[in-house]
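In what follows, a structure is listed as structure tokens, so that the remarks can point back to it.
Remember, it's a predicted structure, so these values are computed and weren't measured experimentally. Letters A, B, ... mirror the listed sequences (proteins, then strands); counts begin at 1.
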Number of protein chains: 2
Amino acid sequence: MTSLSNPTVTTSAGNGRKPAVDTKFVYLFNEVELAEKAVGGSWSDARGLLGGKGANLADMTRVGVPVPPGFTITTAACNAYLANNEQFPAGMWEQVLTAVNQIEALTGQKFGDAQNPLLVSCRSGAKFSMPGMMDTILNIGLNDNVAKGMIARGNDPRFVYDLYRRLVQMFGSVVLNVPDEVFEAVITARRKKAGVATDPELKAEDWLAITNRFKEIVRTYTEAEFPSDPFEQLRLATEAVFKSWNGKRAVDYRNAAGIAHNLGTAVNIQTMVFGNLGNDSATGVAMSRNASTGEKEIEGDFLFNAQGEDVVAGIRTTQPMSQLKADMPALYAQFEEIANKLEKHYRNMQDLEFTIEHGKLWLLQTRDGKRTAQAEVRIAVDMVEEGLITPKEAVARVKPEQVDFFLHPQLDAEARKATRPIAKGLNVSPGAAVGVVAFDADTAERWAKREGKDVIMVRPETKPDDVHGMLAAKGILTSRGGRTSHAALVARQFGTPAVVGVSELEIDLDKREMTVDEELVVKEGDWLSLDGTNGLVYLGKLPTFVPDINNPYLSKLLSWADDIRTLGVWANADYPRDARRARDYGAQGIGLCRTEHMFFETDRLPIVQQMIMAKTVTEQNEAIAKLLPLQRGDFEGLFRVMDGLPVIIRLIDPPLHEFLPAYDVLIQELADLKLNLQHFHTMSEIDQVLSEIRVKQDYLARVETLREMNPMLGTRGVRLGILIPELTKMQVRAIFEAACKVAKDGIDVHPEVMIPLTVHVNELKVQQTALELEAKQVMTEQGIKINYKFGTMIEIPRAALTADEMAEYAEFFSFGTNDLTQTTFGVSRDDAEAGFLVQYIQQGILPENPFATIDPNGVGKLMEFAVTNGRKVRPDLEVGICGEHGGDPKSIALCHGLGLNYVSCSPFRVPIARLAAAHAALADEA
Amino acid sequence: MTSLSNPTVTTSAGNGRKPAVDTKFVYLFNEVELAEKAVGGSWSDARGLLGGKGANLADMTRVGVPVPPGFTITTAACNAYLANNEQFPAGMWEQVLTAVNQIEALTGQKFGDAQNPLLVSCRSGAKFSMPGMMDTILNIGLNDNVAKGMIARGNDPRFVYDLYRRLVQMFGSVVLNVPDEVFEAVITARRKKAGVATDPELKAEDWLAITNRFKEIVRTYTEAEFPSDPFEQLRLATEAVFKSWNGKRAVDYRNAAGIAHNLGTAVNIQTMVFGNLGNDSATGVAMSRNASTGEKEIEGDFLFNAQGEDVVAGIRTTQPMSQLKADMPALYAQFEEIANKLEKHYRNMQDLEFTIEHGKLWLLQTRDGKRTAQAEVRIAVDMVEEGLITPKEAVARVKPEQVDFFLHPQLDAEARKATRPIAKGLNVSPGAAVGVVAFDADTAERWAKREGKDVIMVRPETKPDDVHGMLAAKGILTSRGGRTSHAALVARQFGTPAVVGVSELEIDLDKREMTVDEELVVKEGDWLSLDGTNGLVYLGKLPTFVPDINNPYLSKLLSWADDIRTLGVWANADYPRDARRARDYGAQGIGLCRTEHMFFETDRLPIVQQMIMAKTVTEQNEAIAKLLPLQRGDFEGLFRVMDGLPVIIRLIDPPLHEFLPAYDVLIQELADLKLNLQHFHTMSEIDQVLSEIRVKQDYLARVETLREMNPMLGTRGVRLGILIPELTKMQVRAIFEAACKVAKDGIDVHPEVMIPLTVHVNELKVQQTALELEAKQVMTEQGIKINYKFGTMIEIPRAALTADEMAEYAEFFSFGTNDLTQTTFGVSRDDAEAGFLVQYIQQGILPENPFATIDPNGVGKLMEFAVTNGRKVRPDLEVGICGEHGGDPKSIALCHGLGLNYVSCSPFRVPIARLAAAHAALADEA
């Protein structure tokens with residue numbers, strides 16, 4: 001086959017039929033302007049007429065990229081064909097013949113000519129990429145005569161018959177519906193006969209024999225000869241593409257994807273080029289920038305004397321693009337220039353397919369290249385600086401989830417691909433962790449602190465007692481629990497990677513080992529690697545790397561995002577160290593400080609328990625008084641870190657029984673103690689056990705009275721504040737004493753006190769009024785005035801429904817969308833995410849997990865109602881969200897739409913939320 | 001003192017000041033028309049000017065009832081006095097003097113005259129009856145001179161000085177602010193001195209001495225003489241009434257009751273009459289009809305020669321009115337005539353106070369009489385038939401709660417008054433029950449069925465296993481549980497009186513006894529009486545009586561109510577016997593048949609458990625198939641009873657674990673079985689125990705997987721239907737097979753299939769679509785078409801919020817307001833009603849228990865939203881309510897206001913609901 005360069009212009013009119021002049025059904029790749037004019041519109045409208053592939057080839061041609069010449073038969077032709085009883089519309093075929101003539105003129109080749117034949121490919125191309133449409137047919141234009149002529153002109157016979165058998169095979173299976181397995185069986189038989197293992201080892205005579213056998217098969221199946229007329233081949237292939245638009249798979253796909261059935265498909269006919277015509281030919285795939293790092297350098301692989309599929313098949317070792325630069329510097333320079341041109345044109349990094357035929361470069365395809373999160377960010381920022389895109393476009397281009405990558409250590413991608421996980425659970429806290437297994441908190445802490453080991457703490461589930469171990473561990477793994485289990489919440493809070501609810505783990509705390517899937521045994525001290533981002537558990541020590549949150553490209557991007565967004569981004573933080581991180585990550589306030597988390601600390605829990613176990617109010621108040629200085633210290637630290645920014649502190653929320661040992665545990669402990677009695681003999685021993693029993697029995701009795709059928713709907717939040725007013729009063733005193741103290745040190749402090757679980761305005765009336773008095777009292781005592789607010793959570797439907805009444809008292813609202821979702825749906829999250837909710841999402845009954853993304857029709861409606869009616873009463877009402885949804889991009893968009901002042905999320909999601917908020921603002925402009 | 005009859009007209013002009021003519025501040029009792037004219041309005045407007053008491057006395061005077069003459073000083077005068085620095089408005093006092101003259105003319109007596117003195121009372125009288133206003137002052141006009149004159153004219157000195165000391169005492173304490181205790185101390189000292197125990201034993205000289213001592217006290221305290229001038233007495237008394245309007249207690253009361261502060265009070269000055277002037281004098285209180293039964297007969301008590309307070313004080317034995325008829329037939333006839341006249345005037349049964357002074361009848365007060373529910377109904381119906389009131393007025397007059405009386409046995413009122421309850425709990429099912437205590441269901445059933453005993457079943461709490469005993473018992477008593485506990489629900493369903501959650505009961509099932517308040521011990525077999533209406537428990541066998549629901553007066557009244565109401569009244573019924581009762585009580589359909597209640601029956605529970613314990617789907621479906629004929633039979637019976645009326649059948653709702661033994665129970669049983677192993681020795685014995693252990697362990701494992709943290713928000717309702725589609729399919733098949741069968745027998749059947757706990761339209765899409773197919777399949781098989789509907793419960797906020805989407809599928813909505821209240825408030829009813837909710841209601845944080853009456857601002861808003869948006873999509877959407885609120889009058893009014901089609905309640909509340917619905921319709925007209 002001759003080179004396609006230096007085409008000779010000819011004016012042959014094909015087989016001479018006169019084209020109709022009314023409708024233009026065929027566009028050469030260089031006629032894109034005509035197509036645009038025809039649809040009376042722009043480039044994007046032309047896509048509808050030419051299909052995605054056709055439009056793209058035309059587009060590349062327009063910007064001067066060397067694309068093998070060809071033409072597109074329009075989707076309008078397809079629609080006319082299908083509407084008109086499978087007849088080509090008048091004039092179409094004539095236009096095709098003219099276009100073939102024009103290609104012949106461009107290439108200097110002639111379709112069906114034995115001396116210098118034009119071979120073409122035929123591909124479908126609808127507006128949207130769509131599985132189920134007809135596959136490619138290559139090498140149209142070959143027949144016995146042409147093949148012989150090509151060999152006579154010096155082409156390798158093996159090359160020619162391989163092309164020929166491919167035409168018959170593709171045409172046979174795709175156009176004539178011969179099962180492809182039959183063709184494959186012929187090749188297999190031939191390999192056997194030739195005594196070789198792979199196709200490349202087959203010789204010219206093998207391919208000739210195979211081609212002939214293929215033609216016999218076609219004859220047998222279709223009771224007709226394989227069409228040797230190139231124009232007949234072209235016509236049948238075009239019709240097959242048109243018909244495939246109404247094939248079952250294509251129709252099913254369109255139904256599922258919601259694509260209109262009246263779009264039709266275009267047909268692309270393109271000159272064949274070959275990279276396997278010797279050492280001056282090559283083929284390859286390359287990116288215009290580094291897809292891993294985003295650096296501006298061509299990155300890709302190619303092979304000399306090879307076909308496209310060889311590069312991806314992995315049989316031959318590919319060469320890096322630097323080799324092409326060394327071997328063919330001019331051609332490489334041309335490629336680099338084309339890549340730059342296409343980048344400029346598409347304003348994005350490109351993924352390019354190319355072929356070099358006898359030293360001539362052809363581009364076969366270009367598309368936006370896939371890349372890592374790191375590369376995405378760098379490329380977006382670089383392109384702004386190169387003047388290719390605007391900062392807004394850069395911000396829009398990076399997905400919020402991609403930012404997560406920078407926040408956590410990651411398992412090395414190669415190592416992860418090479419290793420099989422041993423178990424899968426819920427991905428409750430992202431990032432990678434590698435360490436040795438410790439089966440209890442004390443061991444975890446000891447190994448981590450004293451022996452400097454990296455530890456993965458593994459428990460059936462975790463409790464407040466375990467927090468010291470969890471803090472010391474690199475990762476957390478539990479066999480039970482859901483997305484809001486203690487383990488999950490603590491892990492997310494501290495940014496510790498965690499996988500929970502891994503039901504295939506059987507943990508034997510006595511034997512200090514766990515069994516995975518009843519087979520694999522992992523002992524304490526063995527190495528494990530966790531992928532918290534994907535919920536996977538690996539055996540052994542996988543390599544990891546730590547991305548850099550202070551990556552300058554990311555910082556730049558986020559600063560642009562901050563300029564764009566109107567929604568504030570605050571963080572949930574209970575401790576000064578969390579607040580510090582939140583601030584570093586760009587948080588503009590603390591949206592939720594959960595005071596009760598402090599109650600679980602080892603030095604406080606006994607006091608809290610003393611308060612709960614108190615037999616008299618005096619005893620109770622004594623315990624509360626002991627908590628005051630501790631809480632004051634907590635808040636002081638928080639205020640100092642958040643100098644100048646608001647800090648919302650939520651008063652105690654969880655039911656009291658959470659601070660006591662679990663019912664089942666107490667029962668077991670009591671049984672054990674009673675059994676122990678048998679082993680003791682001296683009176684003093686027995687006395688001691690009896691006194692322990694008495695204490696446990698006291699606890700048991702209290703736990704029994706505090707037990708609730710549905711604790712989620714029980715005595716917690718403001719209900720507790722109303723039952724034990726001294727407790728919330730102490731908290732408010734601690735907040736204001738701390739605020740006054742730091743204010744005297746020059747700190748600009750903005751405390752906001754939040755009352756949880758309110759459902760009736762009278763709850764606010766009673767609690768808020770009493771607490772504001774206490775606040776004023778403290779300020780009078782301290783002789784200083786503090787700017788403060790009082791407000792309420794909106795986390796139960798009734799609070800949202802009576803937002804106008806609530807806003808009479810509350811100066812701010814904060815949506816607790818986790819509880820609001822639970823009550824609006826009547827779903828207990830802990831139960832449901834391990835139960836029916838999974839099936840609901842699998843069956844498509846729920847489009848998404850409403851605990852991951854706010855349900856717009858139910859929960860969102862309540863939120864809208866609350867914002868609107870709350871602001872009617874108090875126009876400057878500050879409204880935010882402090883549920884986990886605050887870190888979810890879709891939910892952030894919803895919050896932006898509702899006109900919230902801010903979202904508050906885990907410190908680790910603050911950068912994500914900044915970007916998501918910018919996206920929401922950009923969506924408004926669109 | 002002379003008789004007041006035959007008054008002599010005089011024209012004395014008092015002390016001769018000329019009255020102002022511009023404003024009329026004083027109205028004689030016979031000048032009510034002038035007062036009406038002055039306010040330019042009607043009788044009710046005149047109440048504002050004259051106050052309630054003044055208006056009433058004027059009104060009686062107008063209709064010719066003999067009322068002691070007098071006059072009213074208007075509220076306008078009071079307001080002018082208070083506004084004008086405590087000065088009477090110009091002309092007022094002159095008008096008072098004129099009025100005194102006019103009364104003198106009417107009575108023939110003269111104010112301050114020693115010969116024939118006029119004595120008057122002075123009373124406050126605001127528009128609304130109001131505590132904190134000035135008390136009565138009697139006997140104004142007395143002084144030393146007048147007293148002597150009266151005695152000289154033949155009055156008993158003891159009588160005269162008793163009057164005199166009362167004047168000084170009342171005037172001293174009320175007008176001059178002398179502490180009343182001082183006066184009482186004087187009387188006590190005098191009794192001691194006279195050596196008597198009671199005031200009536202004191203003689204004339206005692207009262208004279210007391211009067212003198214009182215005057216000395218006044219002098220000491222006020223540094224002024226007790227005013228002897230009658231006009232001075234009158235002026236000071238009037239001013240004191242005016243001033244009392246701004247007294248602290250009155251202001252506080254008005255603030256609390258929301259009464260305007262600018263109304264002012266009137267002052268009533270009225271001639272004194274005396275029933276203690278000899279045996280031709282008397283005093284008494286009587287009703288115009290029998291207040292217990294409603295029969296049309298005068299009923300009351302009186303005493304000859306007595307004062308009003310003697311009749312109520314109970315020191316002397318009163319005589320029935322029949323005695324007055326015998327002794328003074330003419331006077332009795334006059335009284336009867338007056339009673340009739342006042343009944344006609346006020347169009348209601350009257351409660352009359354009268355005095356006979358020297359054979360002349362005077363009426364001192366009339367008001368609508370208090371009466372029993374039974375009397376209320378009869379009087380209302382009788383009055384319609386007498387032409388006194390319209391049927392609408394009769395309906396409006398009877399409170400819905402009063403109808404409850406007719407539906408349950410009642411404890412005898414006298415016996416109840418005489419006995420102290422031993423404990424108090426939740427009044428979950430009304431009516432009285434008397435029986436012997438049985439501590440388990442089997443004993444209860446055995447004693448009731450075999451021995452014919454009346455039984456009160458007493459348990460810590462009840463479970464489905466106990467239903468046979470509960471059915472056999474007359475009453476149910478539990479120490480635990482709330483208003484929706486199993487015991488409460490079953491009791492209400494069967495109309496069995498019940499008291500639950502009696503925490504002072506300590507039940508010892510081993511000793512077969514219970515301890516009340518750690519003191520009183522009640523043994524099995526002892527008699528108990530329950531008052532389910534009030535939640536009280538009595539020791540022993542109290543007498544009861546059974547009112548008649550078929551009371552013809554009630555039937556008449558309810559038929560009028562049916563004519564008035566627009567809201568349908570349906571009933572909740574699971575069994576044909578319940579449906580029969582519902583229909584008898586006037587239900588127009590079944591709004592809720594809970595299919596799962598049938599699952600608890602002893603012949604079915606094992607099959608249900610087999611279904612739940614199934615290890616394979618096949619096994620599960622086998623069990624489901626066994627339930628089909630049983631369910632079909634259930635529905636058949638229901639359809640036959642409800643011939644011509646709609647029957648809504650709800651598909652299975654409760655979580656599966658409710659059908660299995662409780663977790664705690666299984667743990668205990670397993671422990672016991674293991675302990676038992678020690679006592680067995682042969683292998684076969686041990687084998688048997690081991691196999692029992694295995695079964696229990698299987699159950700325990702299943703219960704563990706089904707256990708939920710918050711079962712209220714768990715896997716139940718349609719969630720279950722989607723997880724086990726075969727179960728709901730079987731239920732629908734049973735419904736339609738039953739419907740087809742009875743239709744063939746000529747029954748007019750209207751099944752409506754209801755899907756519970758829906759929160760997303762896709763749940764309906766999936767379930768309803770599948771179930772409608774099954775329904776059509778059955779009808780095709782049976783060759784008959786049935787009129788049916790498919791619809792959904794609206795019992796979770798999200799269902800209400802997406803009502804428009806729901807109505808695309810559902811042909812009807814039924815509000816489940818119990819769950820809707822739980823989720824809208826985020827309150828678990830079972831926990832809260834025994835916990836914080838009590839304190840919330842006591843502290844006034846919640847105005848009412850939202851589980852008793854629908855919360856209009858939260859739950860009501862959701863309902864309104866659902867009705868409005870549902871009907872937008874489907875204008876003929878049938879909307880009802882099937883929660884317990886359906887039987888609560890206030891909630892019924894709300895449902896009427898929202899335009900619901902019907903309310904559905906327990907059969908026992910159907911008559912109440914019929915009346916309440918009529919009230920709601922009447923309120924629209926007002």
Side-chain angles (χ1 to χ4, degrees), chain A residues 664 667 671 705-717 719-720 722-723 757 759-763 765-766 795-802 805 819-832 835-837 839-840 843-847 850 855 857-862 865, chain B residues 664 667 671 705-717 719-720 722-723 757 759-763 765-766 795-802 805 819-832 835-837 839-840 843-847 850 855 857-862 865:
Chain A
D664 294 354
I667 295 270
T705 64
L706 291 174
R707 247 180 139 191
E708 292 176 315
M709 307 253 298
N710 298 291
M712 201 265 124
L713 308 175
T715 308
R716 57 191 200 90
R719 298 165 192 178
L720 216 50
I722 285 172
L723 296 189
L757 212 78
V759 301
H760 197 289
V761 64
N762 287 349
E763 292 172 315
K765 213 166 173 170
V766 166
E795 52 184 332
I796 303 286
R798 197 180 188 283
L801 291 164
T802 58
E805 300 173 37
D819 278 5
L820 192 59
T821 301
Q822 293 199 85
T823 44
T824 304
F825 276 80
V827 166
S828 168
R829 181 175 187 179
D830 284 330
D831 299 322
F836 77 90
L837 207 57
Q839 262 176 277
Y840 263 44
Q843 290 188 32
I845 289 172
L846 288 179
D855 152 52
N857 291 9
V859 175
K861 219 176 268 174
L862 281 178
F865 193 90
Chain B
D664 294 353
I667 295 269
T705 65
L706 291 173
R707 245 180 138 191
E708 292 176 313
M709 307 253 298
N710 298 289
M712 200 266 125
L713 307 175
T715 308
R716 58 191 199 91
R719 299 165 191 179
L720 216 50
I722 285 173
L723 295 189
L757 212 75
V759 301
H760 197 288
V761 64
N762 287 349
E763 292 173 315
K765 213 164 172 175
V766 166
E795 52 184 333
I796 303 287
R798 200 182 186 280
L801 291 165
T802 58
E805 301 174 35
D819 278 5
L820 192 58
T821 301
Q822 294 198 85
T823 44
T824 303
F825 275 80
V827 166
S828 167
R829 183 175 185 178
D830 284 330
D831 299 320
F836 78 90
L837 207 57
Q839 261 176 277
Y840 263 45
Q843 289 189 31
I845 289 173
L846 289 179
D855 152 50
N857 290 8
V859 175
K861 218 175 269 174
L862 282 177
F865 193 90

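- Considering Asp855(A), Thr821(A), Asn857(A) in turn, Asp855(A) is the only one that fulfils the side-chain hydrogen bond (donor to acceptor under 3.5 Å, both in side chains) rule with Arg798(B).
- The shortest side-chain heavy-atom distance between Ile722(A) and Gln839(B) does not fall under the 4.5 Å cut-off.
- The most heavy-atom pairs under 4.5 Å with chain B, out of Ile667(A), Asn762(A), Asn710(A), come from Asn710(A).
- How far OG1 of Thr824(A) is from CG of Leu862(B): 9.0 Å, rounded to the nearest 0.5 Å.
- Contact annotation for Val766(A): only side-chain heavy atoms (C-beta onward) come within less than 4.5 Å of a heavy atom of chain B.
- Considering only heavy atoms from C-beta on, Arg829(B) stays 4.5 Å or farther from Leu713(A) through its side chain.
- The ring pair (Phe, Tyr, Trp, His ring centres under 6.0 Å) search around Phe825(B) returns none, not counting sequence neighbours.
- Of the listed residues (Val859(B), Thr823(B), Leu837(B)), the one with the most heavy-atom contacts under 4.5 Å to chain A is Thr823(B).
- Heavy atoms of Glu805(B) lying under 4.5 Å from chain A belong exclusively to its side chain.
- Applying the side-chain hydrogen bond (donor to acceptor under 3.5 Å, both in side chains) test to Arg716(B) and every residue at least two apart in sequence or in another chain returns Asp653(B), Asp819(B).
- Nearest heavy atom pair, residue Lys861(A) against residue Thr802(B), reads NZ-CA, 4.2 Å.
- Between chain A and the options Ser828(B), Pro711(B), Ala800(B), the largest number of non-hydrogen pairs under 4.5 Å is found for Ser828(B).
- Tyr840(A) has its side chain out of reach of His760(B): every pair of non-hydrogen atoms, C-beta onward, lies at least 4.5 Å apart.
- Here Ile845(A) is the residue among Thr715(A), Ile796(A), Ile845(A) with the most heavy-atom pairs under 4.5 Å with chain B.
- In terms of heavy-atom pairs under 4.5 Å with chain A, the best-connected choice from Leu757(B), Val759(B), Thr705(B) is Val759(B).
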